[in-house]
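Note that the coordinates shown come from a computational prediction; the quantities given were computed from them, not determined experimentally. Each chain gets a letter, A, B and so on, in the order its sequence line appears, and its residues count up from 1.
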2 protein chains.
Amino acid sequence: MNAEKIPDIIIARLPVYLRALQRMADKGLQTTSSQDLGERVGISAAQIRKDISQFGEFGKQGTGYSIPYLINKLREILKVDRMWDVIIIGAGDMGHALARYQGFADRGFHVVMVFDNDKNKIGHKIGDFIIEDTSHLVEKVKSAGIKIALLTIPATVAQEITEKLVEAGVKAILNYAPISISVPKDVKVQHIDPATHLQRMTYYL
Amino acid sequence: MNAEKIPDIIIARLPVYLRALQRMADKGLQTTSSQDLGERVGISAAQIRKDISQFGEFGKQGTGYSIPYLINKLREILKVDRMWDVIIIGAGDMGHALARYQGFADRGFHVVMVFDNDKNKIGHKIGDFIIEDTSHLVEKVKSAGIKIALLTIPATVAQEITEKLVEAGVKAILNYAPISISVPKDVKVQHIDPATHLQRMTYYL
DNA sequence: TAGATTGTTAATCGATTAACAATC
DNA sequence: TAGATTGTTAATCGATTAACAATC
């Protein structure tokens with residue numbers, strides 16, 4: 001792992017490689033090549049080698065990459081060789097689905113709190129969590145040192161809640177609300193919006 | 001709309017512009033500029049002008065863009081000036097959330113069927129839909145002429161179901177399973193995976 | 001008119017690909 | 001050894017930005 005700035009676009013591909021490698025490990029495979037991995041994820045072999053080589057020499061000429069070893073290296077690079085506490089804001093259908101999502105635990109994430117501003121929901125259970133009042137969001141998140149939030153609230157309140165999250169010290173937001181949110185430049189945002197993703201494909205139909 | 005090939009990366013930004021414009025229209029705004037829109041979505045004004053100008057001259061020097069006009073043009077370009085029937089495969093938590101999602105209707109999509117392979121679920125209701133048997137997937141999708149599918153099933157069966165969808169004539173798949181799926185090159189895939197999206201941000205924490 | 005903002009060109013910047021020596 | 005595949009360089013390709021004439 002060198003000190004030079006790694007382009008964002010490379011970082012964005014690493015989780016895709018990691019996911020494919022974990023599927024391969026599930027099947028009991030031990031080694032792969034840039035060619036093989038590339039076919040699985042739809043990326044050229046040259047690009048995979050170039051991306052991985054930014055961080056060290058993890059392969060062997062003639063044999064390729066050890067799957068378990070490369071998984072460990074990618075986990076370290078992406079800092080998911082540890083568990084991150086995350087919170088969910090919004091206890092609607094999407095919040096429910098995420099609170100019960102099984103895919104977080106083995107990829108470095110652990111849901112610890114769920115918030116909502118609806119008086120009829122606060123205090124009730126959602127999966128293993130008791131829904132907490134959004135008005136306590138800043139103090140609770142700050143004191144727990146939470147850095148990651150999942151936003152599943154209406155577009156109309158997304159910016160306002162985002163500002164609370166930033167105030168509370170959150171540095172990474174996964175935004176399910178159908179609106180672009182503004183954050184300081186030390187805070188990262190990823191948008192997940194099913195309609196927007198579908199609209200990227202209809203052009204080609 | 002000219003005949004030259006528009007880069008994929010430009011098409012990917014248009015739904016983001018459209019979403020922001022719709023939020024502005026909701027607030028009653030009538031016009032915007034590349035500068036203003038750019039600040040809202042976090043993209044440079046020059047790039048927004050360049051992207052939009054690929055498709056025609058939709059703005060006016062001195063005053064910018066009419067929001068309703070630009071919304072209509074983007075809808076036409078993205079082919080969401082009509083309604084697309086979509087199906088959901090997998091009646092788990094995520095399938096439920098998507099079946100009840102309110103954000104599809106005004107952005108060009110309409111859920112028409114939900115499938116699952118679990119005998120305990122088939123025949124039961126999910127929102128307004130009766131869950132149908134995956135074994136009838138190909139015939140039903142083919143005869144209804146459906147082109148878009150949302151995949152919310154386990155990684156282990158994702159590729160197998162994908163092949164059925166392709167056989168049935170589906171040309172756009174929104175994949176919620178944590179695995180890369182392979183499709184013929186005339187089929188588009190978008191991946192939505194919360195853990196992968198979070199892993200794109202942890203690197204920077 | 002004066003000010004603002006587009007659409008477009010050229011320059012810059014960055015990412016991808018092809019090729020191959022090194023080496024397992 | 002012979003075959004395979006990495007890591008890396010240089011060439012190519014593509015995307016972004018800056019600048020500005022045109023014009024509302």
Side-chain angles (χ1 to χ4, degrees), chain A residues 1-17 20-21 24 29-74 77 185 200 203, chain B residues 1-17 20-21 24 29-74 77 185 200 203:
Chain A
M1 212 171 313
N2 63 40
E4 286 160 48
K5 176 89 172 68
I6 307 288
D8 219 77
I9 198 164
I10 293 184
I11 300 304
R13 281 190 294 259
L14 299 186
V16 176
Y17 302 161
L21 290 163
M24 287 188 250
L29 298 174
Q30 290 297 315
T31 59
T32 185
S33 63
S34 56
Q35 176 77 31
D36 172 51
L37 180 56
E39 279 165 16
R40 290 173 192 268
V41 300
I43 289 176
S44 79
Q47 181 153 85
I48 287 180
R49 290 201 302 279
K50 192 131 206 281
D51 286 352
I52 292 173
S53 72
Q54 305 294 308
F55 303 96
E57 306 195 353
F58 301 152
K60 270 204 182 68
Q61 285 100 326
T63 55
Y65 301 91
S66 155
I67 291 172
Y69 182 76
L70 190 52
I71 286 174
N72 282 336
K73 285 297 177 184
L74 289 175
I77 293 162
K185 65 181 172 324
R200 282 162 90 141
Y203 174 80
Chain B
M1 213 170 311
N2 63 40
E4 287 160 47
K5 176 89 173 69
I6 306 289
D8 219 77
I9 198 164
I10 294 185
I11 301 303
R13 282 191 293 260
L14 299 185
V16 176
Y17 303 161
L21 289 163
M24 287 189 250
L29 298 174
Q30 291 297 314
T31 60
T32 186
S33 62
S34 56
Q35 175 77 32
D36 174 51
L37 180 56
E39 280 164 17
R40 292 172 193 267
V41 299
I43 289 175
S44 79
Q47 182 153 86
I48 286 180
R49 290 201 301 279
K50 192 131 205 281
D51 286 352
I52 292 173
S53 71
Q54 305 295 307
F55 303 95
E57 307 195 355
F58 302 152
K60 270 205 182 63
Q61 285 100 327
T63 54
Y65 301 92
S66 155
I67 290 173
Y69 182 76
L70 190 52
I71 286 174
N72 283 336
K73 285 297 177 185
L74 289 175
I77 293 163
K185 62 180 174 326
R200 282 163 91 141
Y203 173 81

Over how many whole Å does the gap from A/Q54 atom CD to C/dG14 atom P extend?
-> 14 Å
Heavy-atom distance under 4.5 Å between the side chains of B/Y203 and A/I6, does that happen here?
-> yes
Contact under 4.0 Å: B/Q61 side-chain N or O vs D/dA22 OP1/OP2 = no
Among C/dA15, D/dT8, C/dT16, which nucleotide sits nearest the side chain of A/P7?
-> C/dA15
Applying the 3.5 Å cut-off to both distances, the Watson-Crick or G-U partner of D/dT17 turns out to be C/dA10
Residue pair A/L70, A/Y17: steps toward the side-chain contact (heavy atoms from CB on, under 4.5 Å) verdict | CA-CA 10 Å; A/L70 190 52; A/Y17 302 161; over 6 Å; no
Would you say D/dT17 has OP1 or OP2 under 4.0 Å from some side-chain N or O of B/S44?
-> yes
Closest heavy-atom pair and its distance - B/P15, B/A12 | CD-O, 3.4 Å
Please determine which of A/I52, A/I43, A/I48 meets the side-chain contact (heavy atoms from CB on, under 4.5 Å) test together with A/R13.
-> A/I43
Please state how far atom CD in B/Q35 lies from atom P in D/dA18, giving the value in whole angstrom units.
-> 12 Å
OP1 or OP2 of C/dG7 less than 4.0 angstrom from a side-chain nitrogen or oxygen of B/Y65, does that happen here?
-> yes
Distance in angstrom units between B/R49 CZ and C/dT5 P, rounded = 10 Å
For C/dC24, the Watson-Crick or wobble partner whose two distances fall under 3.5 Å | D/dG3
Could you check how far CD1 of A/I9 sits from P of C/dT17, rounded to whole Å?
-> 11 Å
Return the value, rounded to whole Å, for the distance between atom CG of A/L37 and atom C1' of D/dG7.
-> 16 Å
If each of B/D8 and A/K60 is mapped to the nucleotide of DNA chain D with the nearest heavy atom, which maps nearer the 5' terminus, i.e. the 5' end?
-> A/K60
Round to a whole Å and report the spacing from CD1 of A/I10 to P of C/dG14.
-> 13 Å
Kindly indicate whether the side chain of B/P68, heavy atoms from C-beta on, has any atom under 4.5 Å from the side chain of B/Q30.
-> yes
Round to a whole Å and report the spacing from CD of B/Q47 to P of C/dT9.
-> 18 Å
Between CD1 of B/I11 and C1' of D/dA15 the distance, given in whole Å, is 15 Å
In terms of side-chain heavy atoms of B/K50, which of D/dT6, C/dT6, C/dT9 is nearest?
-> C/dT9
Of C/dT17, C/dT8, D/dT6, the nucleotide closest to the side chain of A/S33 is D/dT6
